[in-house]
Number of protein chains: 2
Amino acid sequence: MAIVPMAKREKRITIYDLAKSLNIAPSSVSKALNNSHAISSKIKKMVEDKAKELNYVHNTNAANLRRGFTRIIGVIVPKINESFFANIIAGIEKVCVQHQHSLIICQTEESLEKEVNAVQTLIRQNVDCILISLSLETQSTAHLEEIKNNHIHFIQFDRISPAIDSYTVVNDNEAASYQAVAHLAKQGYQNIAYFGGPAHLNLYQERKQGYKNALKDFGLTFYEDFVKDEIISTASGKQEALHLLQTNVKPDAFLCTSDYVSLGVLEALQQLNLSSPKDVGIIGFANEMFTQLVQPSLSSVNQFSYEMGEQIAELYFSEVMKQKEHEEIKTIKVKTEIVQRASSSR
Amino acid sequence: MAIVPMAKREKRITIYDLAKSLNIAPSSVSKALNNSHAISSKIKKMVEDKAKELNYVHNTNAANLRRGFTRIIGVIVPKINESFFANIIAGIEKVCVQHQHSLIICQTEESLEKEVNAVQTLIRQNVDCILISLSLETQSTAHLEEIKNNHIHFIQFDRISPAIDSYTVVNDNEAASYQAVAHLAKQGYQNIAYFGGPAHLNLYQERKQGYKNALKDFGLTFYEDFVKDEIISTASGKQEALHLLQTNVKPDAFLCTSDYVSLGVLEALQQLNLSSPKDVGIIGFANEMFTQLVQPSLSSVNQFSYEMGEQIAELYFSEVMKQKEHEEIKTIKVKTEIVQRASSSR
DNA sequence: CTGTTAGCGCCTTCAG
DNA sequence: CTGAAGGCGCTAACAG
């Protein structure tokens, strides 16, 4: 019985094949395909045509290995499917495509362990740059040092650690928070509570600071009990609001660092038969889609997440990429805007 | 004046460095690092320790080039920041991490041109598999053929083209739509309109078919004018609803293939001083977060997007990856569920 | 402007 | 189980 030969998997077309069939040198083919100026437009044309004819596909991998860089950017976020981060990724992607770069995306699900793994993976993939927003768990930065040690550029955004030197792109959180409180104060609210996230994150410290500063500037009383640092979900927002609203000295407004928390506060009000904005003012952060759809509509700080994504990527292409090591690093502040809706308008 | 030498950029540590410093062969190092069985655990240990000591970083690029595959999966979606797709991506990512694979993400922004480019890019990157949901514009499939020609696995999901053979992961759109109409009928609605997307997409054809079948089975009248195929935004939903609700024979319910369209219908009702569910029933698709927050809350078909993402990836790892070419392909249907809320409960 | 040469770092034969 | 050799496909450096 005859042995049936394996279907031979046709070999990939390489620049050598093109070179051979055109009787020129492989390096010339390479130059032609890379649009080098050191090649005649005649050869360029020949090569392009032949490449099309033979269905040549450039092997990015081989080129990467040879060149030492990849035109790939790694992005690490806590959750891909949180609209704030999804928007940022979309913005980054848009700009990266313009610059012919690809994007590898990792999510940490708020776990330091996964964040460390993600960094590892991206380093091994030889990405040119890592764009990262830290997980809630992250307090150490050894893994970020690894990025530097491997001479990979990196930019922190939104949830950053000041413990490590890097380019950063953030909102002006202190100012945003200040403005939110100022807004509440102007609407006549006097006892303003702050529901923020874990204080080890810069971001929340700044928001708290802006809150405190505004209280002082507007002559409002600061109540230690009104300041909560671990409120980041609808459930915890509701629970804590229920608690505070049944004490002696109660808040008449809430500054929440997340719209989801605002939602929880709103639920608490409904349960207590209080109404917003009449009894209690609410303002959140992120300007999620749903804030304009609930009753009453929720005021929020628009963080311009999509634009933040664009700016992160643009920062990379305009400066970081070109930069020699040990140059001056830079922080970009992305504008914010108070979106006043029903929940804080009285 | 002396010439200052450039800071020499220390060279990357390779398996050769490890081999040299341990007095063994590079191939042994490779085997050790890859957990080959053809190596003693003694050497394995030595190598691992030395790798740690010298901060060795595996160069995935070089390995990819040599091996011919990359453990990278490419994902192409219309929009990263649409929650349906964001959830799918998140689900895919979760499973890929478990299998030590990375994800390159591209968005087409509903443009065929960008879709073609994305496919190109991913092919050049030597991804092992492409997971794709088509743009609204996509009617040709030449670029998908290219994927096959380059022997790259691929799976279509949600917005698929039947014009090309491939694994697919979709909802049972016809059944979902049928159940939605059945639900409306049971609630006593009789004149049910259908607001769908472009009919060249399979997905919408199926939903329309399910709608038609249900009308028939429940003895409801089919009005040609109640069927619209290009309604995919809140604005167009509102506009078309305003139109239909001011004709002689008006619908008393709307099946919308998107929650955003449902929202538009709701706006139209408010403008016409009609109320839902009393006057008009509404049900949408996707079970977006906001559907439970608006007044009245909106019924919707839950498509289990995150789970769909997981299943797509699992399909790849459990079958597609292992498959020889020209084997039987397969379609996975992801369950759906009618989420009944106020807008269709009377 | 074109061609030659020499690796990038790794993995996979195949010998021993 | 270990080692030697070769090449994945490309580009950069240099020579002509």
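Residue numbers begin at 1 in each chain, while the letters A, B, ... track the order of the sequences.
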Q: Nearest-Å distance, CD (B:Gln125) to P (D:dC8)?
A: 21 Å

Q: Where the side chain of A:Ser28 is concerned, which of C:dG3, D:dA4, C:dC10 is the nearest nucleotide?
A: C:dG3

Q: Does the side chain to side chain contact (heavy atoms under 4.5 Å, CB included) test come out yes or no for A:Tyr56 and A:Ile15, once each step is laid out?
A: CA-CA 8 Å; A:Tyr56 167 78; A:Ile15 54 172; 3.5 Å; yes

Q: Is A:Glu109 paired with A:Lys79 through a side-chain N to carboxylate O contact shorter than 4.0 Å?
A: no

Q: I need the CZ-C1' distance between B:Arg66 and D:dC8, as an integer number of Å.
A: 6 Å

Q: Using heavy-atom distances to pick each residue's nearest nucleotide on DNA chain D, tell me which of B:Leu65 and B:Asn23 is more 5'.
A: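 Comparing both residues, the 5'-ward one is B:Asn23.
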
Q: Within the structure shown, what part of the strands sits under 4.0 Å from B:Asn34 by heavy-atom distance: base, sugar-phosphate, or nothing?
A: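 Sugar-phosphate, no base atom in range.
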
Q: Are OP1 or OP2 of C:dT2 and a side-chain N or O of A:His37 less than 4.0 angstrom apart?
A: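 So the side chain of A:His37 is outside the cut-off, no N or O lying under 4.0 Å from OP1 or OP2 of C:dT2.
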
Q: If I take atom CG in residue B:Leu18 and atom C1' in nucleotide D:dT2, what distance separates them, rounded to the nearest angstrom?
A: 17 Å

Q: Salt-bridge test for B:Lys114 and A:Glu93: reply yes if a basic N is under 4.0 Å from a carboxylate O, no otherwise.
A: no

Q: CE of A:Met46 versus P of C:dG3: gap in Å, rounded?
A: 9 Å

Q: Under 4.0 Å between a side-chain N/O of B:Tyr16 and OP1 or OP2 of D:dG3, yes or no?
A: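 It does not, given that no N or O in the side chain of B:Tyr16 lies less than 4.0 Å from OP1 or OP2 of D:dG3.
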
Q: Give the nucleotide from the list C:dC11, D:dT11, D:dG9 with an atom nearest to the side chain of A:Arg12.
A: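 Side chain of A:Arg12 sits closest to D:dG9.
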
Q: Hey, is the main chain of A:Ile72 close enough, under 3.5 Å, to the side chain of A:Ser102 for a donor-acceptor pair?
A: no

Q: Just the rounded figure in Å: distance from P of D:dT11 to CG of B:Asn61.
A: 13 Å

Q: The side chain of B:Lys31 is closest to which nucleotide in this list: D:dC10, C:dT2, D:dT2?
A: D:dT2

Q: So if I apply the side-chain contact (heavy atoms from CB on, under 4.5 Å) rule between B:Glu48 and each of B:Lys44, B:Met46, B:Lys50, B:Lys52, which one comes out positive?
A: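 One option only clears the test, and that one is B:Lys44.
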
Q: Have a look at A:Tyr56 and say if it touches a base, only the backbone sugar-phosphate, or nothing, with a 4.0 Å heavy-atom cut-off.
A: sugar-phosphate

Q: Think B:Ser40 has a side-chain N or O under 4.0 angstrom from the OP1 or OP2 of D:dT2?
A: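 Indeed, a polar side-chain atom of B:Ser40 lies that close.
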
Q: With a non-hydrogen cut-off below 4.0 angstrom, is B:Thr14 in contact with a base, only sugar-phosphate, or nothing?
A: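 If one applies the 4.0 Å heavy-atom cut-off, B:Thr14 turns out to touch the sugar-phosphate alone, with no base involved.
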
Q: Return the orientation label for the B:His101 and B:Tyr316 ring planes: parallel under 30°, perpendicular over 60°, tilted otherwise.
A: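 Judged by the thresholds at 30° and 60°, the geometry between B:His101 and B:Tyr316 is perpendicular.
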
Q: Categorize B:Ala38 for me: base, sugar-phosphate, or nothing, with a 4.0 angstrom heavy-atom threshold over every strand shown.
A: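 The residue B:Ala38 makes base contact.
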
Q: Nearest to the side chain of B:Ala25 - D:dG3, C:dC11, D:dG9?
A: D:dG3

Q: Measure the distance from CZ on A:Arg67 to C1' on D:dG9 and round it to the nearest whole Å.
A: 12 Å

Q: Distance check needed: D:dG9 C1' versus B:Asn64 CG, whole Å only.
A: 13 Å

Q: Can you tell me the distance, in whole Å, between the NZ atom of A:Lys42 and the C1' atom of C:dT2?
A: 11 Å

Q: The side chain of A:Ala62 lies closest to which of these nucleotides: D:dC10, D:dT2, C:dG3?
A: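 Of D:dC10, D:dT2, C:dG3, D:dC10 is nearest to the side chain of A:Ala62.
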
Q: Counting any heavy atom closer than 4.0 Å, what does A:Ser27 reach on the DNA or RNA strands: base, sugar-phosphate only, or nothing?
A: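 Result for A:Ser27 = base.
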
